Amino acid sequence: MSCRSLAESTSSALSRTRSEMSSSRTAAASASVQGVSSARTANVVLGMPGTVDRPRGRCKSPHRRIGRVSQDAPNAPAAQPATALSGTAGEPLRYRPVPAHVDLPAMEREILDLWSERGTFAASLDTPADAPRWTFYEGPPTANGVPGTHHVEARVFKDVFPRFKTMQGYHVERKAGWDCHGLPVEIAVEKELGFNGKPDIEAYGIAEFNAKCRESVLRNVDVFEDMTERMGYWTDMAHPYRTMDASYVESVWWALSQIHGKGLLVEDYRVAPYCPRCGTTLSDHELAQGYETVVDPSVYVRFPLTSGPWEGTDLLVWTTTPWTLVSNTAVAVHPDVAYVVASNGADRVVVAEPLVATALGEDWKVVETVTGRDMERWTYRRPFDLVEIPDAHFVVLGDYVTTDDGTGLVHQSPAFGADDMAVCKAYGLPVVNPITTDGHFEADVDLVGGAFFKEADPTLVADLDARGLLFRKLDYEHSYPHCWRCHTPLMYFALPAWYIRTTARKDELLAQNEQTNWYPETIKHGRYGDWLENNIDWSLSRNRFWGTPLPIWRNDADPSKVVCVESLAHLSELTGTDQSGLDPHRPFIDDVTFTVEGEPGTYRRVPEVIDAWFDSGSMPFAQWGYPHVEGSKEKFERAYPAQYICEAIDQTRGWFYSLMAVGTLVFDESSYENVVCLGHILAEDGRKMSKHLGNILLPMPLMDEHGADALRWFMAASGSPWSARRIGHNALTEIVRKVLLTYWNTVAFHVLYARAADWSPAESTVPPPAERAVLDRWLLSKTQDLVREVTAALEDFDTQRAGAVLATFVDELSNWYVRRSRKRFWRGDAAALATLHEVLDVVTRLMAPLVPFVTERVWQDVIVPVTPDAASSVHLATWPEVDESLLVEGLAQRVSLARRVTELGRAARAEAKVRTRQPLRRALIGSAHYDNLGDALRAEVCEELNILELGSLADAGADLVEYSAKANFRQLGKRHGKQTPVVAQAIAAAHAADLATQLESGTATVTGDGGASWQVEADDVIITERPREGWSVVNEQGETVALDLAIDDELRRAGLAREAVRVIQEARKAAGLEITDRIVLTWAAEGETADALREHGASIADEVLAVSFEAGSGGDVRDEDLGLAVSLSKA
RNA sequence: GGGCCUAUAGCUCAGCUCGGUUAGAGCGCUUCCCUGAUAAGGAAGAGGUCGAUGGUUCAAGUCCAUCUAGGCCCA
């Protein structure tokens, strides 16, 4: 079946039909062909649409911009008032010019100005009073140091969904926040001041030090604000919450008083890494910086049992910290592990059964066995009698005991180990600590009195040896924590501390977690769920300076009496003086004391400040100053809990936990419903960005170079946001080229031709979608799918999927729809222009949350000027909805078949080395779906492949076609199971043509080597058709395209004519002509080329805008292959 | 030491839920084609022991187990 008659297709490729031209243009165009030679036919006496002023074409300079004079370029925002709208009264509604080339970062700065001039962000918050609310909480970044590229990541996600939800009609509050307190701030200030620990700070003065901390925070907030604005993160930075503000601190106090009231805020010993030289505990963060490899004594010590069935036998205990043996309090065993008496004939010791060989050696034999549980409370003789430890020294059970190393019997010294502390406390054992806070044994201890703890090891080991208690001693190399400041070995040390008994609310926390949606889902029962399952009490207090002071006042005469203060007003009440103006920080708060009538003693505040995580976990209510500030109650209640929060994965035990814990403890409900948990951003080399490695990419330079949209797209849609990702210039360049510029160029193309045709959607009569061209209907249908998919992806917090479908769509839009429809745009086809306008409207809105800048520019230039009631910003526009009436069943499949056929056709041409400009007579298509393709799509294929007619391979007759058959394993496997390979073999061996014929009418039978036979059905077999001699054939996935390679003189002349067009167009470009310039042209050629030029002269002239087209004597442009010389000049 | 994540082309990543016999895309490289919107587009090619081993299965990149390496969080 041919797609059009030969005569028609020969000329129509180069011509346009009269009916499609407006009369005025036809008149002008007729004049333009007056000089065309006599070869004209009815078909070519047609106008050029270019009689209207067409924007200038691009010249050689890549910086020349179409449609705007140079000072009007986008990097000169002043020249183009952002607020200007065309279409004021009396003027026609026309698109604003869109340059073909755009400087994206410059364009973005222009948009930032536009937003700020118009107050667009504020307008986006100005929703109707009854708008549904969608609540988002800003997890406050610590304003400590300058923002890194990883900060952009979370901030992109914090921006995309609020923009999306705003467009959907929700009211989305976006209050910025800053985490101001905490050790990192103190450390930064210490560095600035050249300090080396707490004594320096105390000497400097707490008031002065905290003032410096406040100053440092404010300084860094400025830098964060610049970055935030530049990346287009819309958040209300004019009214942020700051954890250091008095109202915030008071809210935190209130929450603590609630927790205290429930009996969940308690004081207890806490074992923490401690530097005896600096006299301070270290945070985990500091701890991690100070590991050093050291050699310690590894000793196996005998603890003789003094009761139980094995009385007289020695427990064998392993330790690498002999100094802790002085305060030995108990020995722990695992309740479920087997313990044995092992003997080498002469000696007997007790060890865990799995460790007999590793701890003792090969020649030890098991004599007796018990389970750890049975050893509970067996007493033993302790290794040293240097300090008093009453009611102790027996075997206890501990689940944390392992049999990975040592002996499976673990010496317990509760003052120096967190596990030890927990286990001993469960048995009511005393906590005895013979070491002072400077790391030395108390002076009156025998043997080691006054010794620095580490230096006591050799003395103690020697004493054990002398008393026959040392079983074995080795040197043990391991990494041991040291102070990162002074390299002193740290000790784990029990100090009093304040705790929140989160373990008492563990079940509620687990229940709240069940109600929470995690993205990705694995976190819920993995990293985060595990953490909750193994919940430990929240260690709240810090012996530091810059933090929310713990609001507990204690009676100095009776330390058991404490008051938890919930506000400055409460404090005023207690003191009888007005404290409402007090800065609730140290040291001022430390000076406030009070007495209670009838009680002796004075109440003084405890010295600690609290963990800054509690500050940030309190933000849902503290950001409003709840419950003290007027109006805070309403604000809080309508915005709790949040629908959405988002941070990187390092916050699982940080903010994600503190937020859920504070919410659950104070309000019995977690503060968030959906939580997106991002992977980290790594440097291009796959490692963490660090100064040390010199691989840092700062966000501002990245955005200055590639634009914020590119960086945002990368964060949202490049790779999986759940895994760690590498960022680099290449990735961003690719996004600019593939996504942003492709989109931009489609817009620029549309505006170029719409303006050329003086077309506007507001004023044109546009055919209804059902009457438009097949590709229009395809695109409109496809766009509805896009709306559905992007919406679903964003509802599911999946920006990666949203980005992927948008990128694919933009590619198809540009490289299939626009490419295939160029000629319709050239002649101002209203259906094509309307279709593209409608689609750009939708796709611009769909992309707006991801790339807010470029979409805003397009909205201002392409939608606003031609749409009288358009939203003034794309971000104030409504989110697109699926228009079911535009969906066309099956069209997407048909178009995709047409595209596959086109691709195969190109491959067949390439294989045969026949260039596309050479028309070919015929192509045959082998595809089960060929008949569904339809005439219109066949015509598209013909034109794209430069083929005159298209036919079905099946109709071409058996003698032209060779068949081959292979198994469709997926189907076959279901039916034949184990027989699959044998049946597949039989199919491959069968006579393919016969098989194909049989299958057309139902089932067929194939026979295997052994004579067995099987029924197969059509979908069990993939039949491939392949034509014989004289054809160029490519087939793939069951589809075949065969090109008839026979080229006759007529075809050859048509091909030469098309070559001539190319030569002339190149000459036009080389001459720097604008695309609308008319030319006078003479040519010289011989032989077949001359024949071709004479035959096709009119259509060539038409194509290259020649007002005269004369054979003459040579010219300045020559094409040797063609034997053609032309000269042209502007008419 | 524990938990989780990752491992596929020189590079960046899809595919793994739900197993199917030619493992994809982009970047880069080579050759060619197309082009008066495009910084583009297309075809072909070179480039893969799908981290390793074992198992399940007619069939494993895909499911299971173990291991290795890297990352993150926590000890």
Side-chain angles (χ1 to χ4, degrees), chain A residues 50 54-55 57-58 62 66 98 100-102 284 287-288 400 402 404-405 418-419 520 522-523 525-531 533-534 648-654 679-680 682 684 686-688 718-720 722-728 730-731 733-734 736-738 740-753 800 804 807-808 811 814-816 818-819 822 825-826 902-911 913-917 944 946 966-974 976-984 1034 1036-1037 1062 1065-1066 1068-1069 1073-1076 1103-1105:
Chain A
R54 192 178 290 280
R58 176 161 65 100
I66 293 180
V98 172
H101 292 87
V102 60
D284 295 340
L287 186 67
Y400 83 94
T402 69
D404 295 335
D405 51 20
D419 292 321
T522 51
I523 309 281
H525 294 122
R527 185 179 285 229
Y528 188 74
D530 288 342
W531 158 249
E533 284 288 352
N534 300 310
I649 192 162
D650 53 58
Q651 294 298 328
T652 17
R653 297 181 188 194
H680 283 123
L682 305 175
E684 206 156 19
R687 293 193 282 186
K688 251 170 116 164
S718 233
S720 168
W722 319 138
S723 5
R725 290 176 292 168
R726 302 175 181 199
I727 187 165
N730 290 340
T733 309
E734 197 176 323
V736 167
R737 281 173 34 205
K738 289 280 178 188
L740 302 178
L741 290 184
T742 305
Y743 165 70
W744 181 268
N745 284 320
T746 305
V747 171
F749 171 90
H750 176 68
V751 170
L752 179 68
Y753 286 104
Q800 184 189 20
T808 305
D811 180 66
S814 171
N815 290 319
W816 180 250
V818 171
R819 175 188 162 80
R822 271 185 298 202
F825 285 94
W826 174 255
T902 306
E903 282 165 24
L904 292 174
R906 289 191 192 122
R909 270 188 178 275
E911 192 163 287
K913 299 203 191 306
V914 178
R915 58 178 51 157
T916 312
R917 280 188 294 270
E944 187 68 13
N946 199 15
K966 67 172 182 172
N968 178 5
F969 277 85
R970 196 188 281 269
Q971 278 300 325
L972 218 54
K974 281 184 197 148
H976 298 284
K978 286 200 179 210
Q979 294 294 311
T980 305
V982 193
V983 184
V1034 171
E1036 197 173 69
Q1037 306 291 326
R1062 172 185 58 86
Q1065 296 288 38
E1066 276 171 12
R1068 282 186 59 115
K1069 274 196 250 185
L1073 295 174
E1074 304 294 345
I1075 59 169
T1076 50
E1103 194 85 358
V1104 302
L1105 302 190

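No experiment lies behind these values; they were computed from the predicted model shown. Side chains included, hydrogens not; waters and symmetry mates left out as well; all remaining heavy atoms used. Letters go in sequence order (proteins before strands), and every chain restarts at 1.
- Across C13(B) and U8(B), the matching P atoms stand 10 Å from one another, rounded to whole Å.
- Across all strands, Thr916(A) comes closer than 4.0 Å only to sugar-phosphate atoms, never to a base (heavy-atom distances).
- A gap of 15 Å separates the P atoms of G15(B) and A9(B), to the nearest Å.
- Ser814(A) contributes a side-chain N or O that forms a donor-acceptor pair with the base of A37(B) under 3.5 Å.
- Taking atom P on both C64(B) and U6(B), the two are 13 Å apart, rounded to the nearest angstrom.
- Per the geometry, CG belonging to Leu972(A) stands 11 Å off C1' belonging to U21(B), to the nearest Å.
- Taking the P atom of each, A69(B) and A44(B) are spaced 42 Å apart, rounded to whole Å.
- For U57(B) and A65(B), the C1' atoms lie 16 Å apart once the distance is rounded to whole Å.
- Here the P atom of nucleotide A25(B) and the CG atom of Asp811(A) are 13 Å apart, to the nearest Å.
- Atom pair Lys1069(A):NZ and U38(B):P shows a separation of 7 Å (rounding to whole Å applied).
- If you measure from atom CG of Asn968(A) to atom P of A59(B), you get 18 Å, rounded to the nearest angstrom.
- If you take CZ of Arg909(A) and C1' of C33(B), they are 10 Å apart, rounded to a whole angstrom.
- Residues satisfying the side chain to side chain donor-acceptor pair (under 3.5 Å) test with Arg819(A), not counting sequence neighbours, are Glu944(A).
- In terms of phosphate contacts, Arg917(A) brings a side-chain nitrogen or oxygen within less than 4.0 Å of OP1 or OP2 of C34(B).
- Taking atom P in both G42(B) and A60(B), one finds a spacing of 35 Å when rounded to whole Å.
- Here Val818(A) lies in heavy-atom contact (under 4.0 Å) with a base.
- Taking the C1' atoms as reference points, C74(B) lies 32 Å from G61(B), given to the whole Å.
- At a threshold of 4.0 angstrom between heavy atoms, the contacts of Arg822(A) include nucleobase atoms, whether or not backbone atoms are also involved.
- C58(B) sits 45 Å from C73(B) when the P atoms are compared, rounded to a whole Å.
- Base pairing in RNA chain B gives the following stems of 3 or more Watson-Crick or G-U pairs, range against range and under 3.5 Å: B:1-7 with B:68-74, B:10-13 with B:24-27, B:29-33 with B:41-45, B:51-55 with B:63-67.
- For Asn745(A), the side-chain contact (heavy atoms from CB on, under 4.5 Å) criterion is met by Leu741(A), not counting sequence neighbours.
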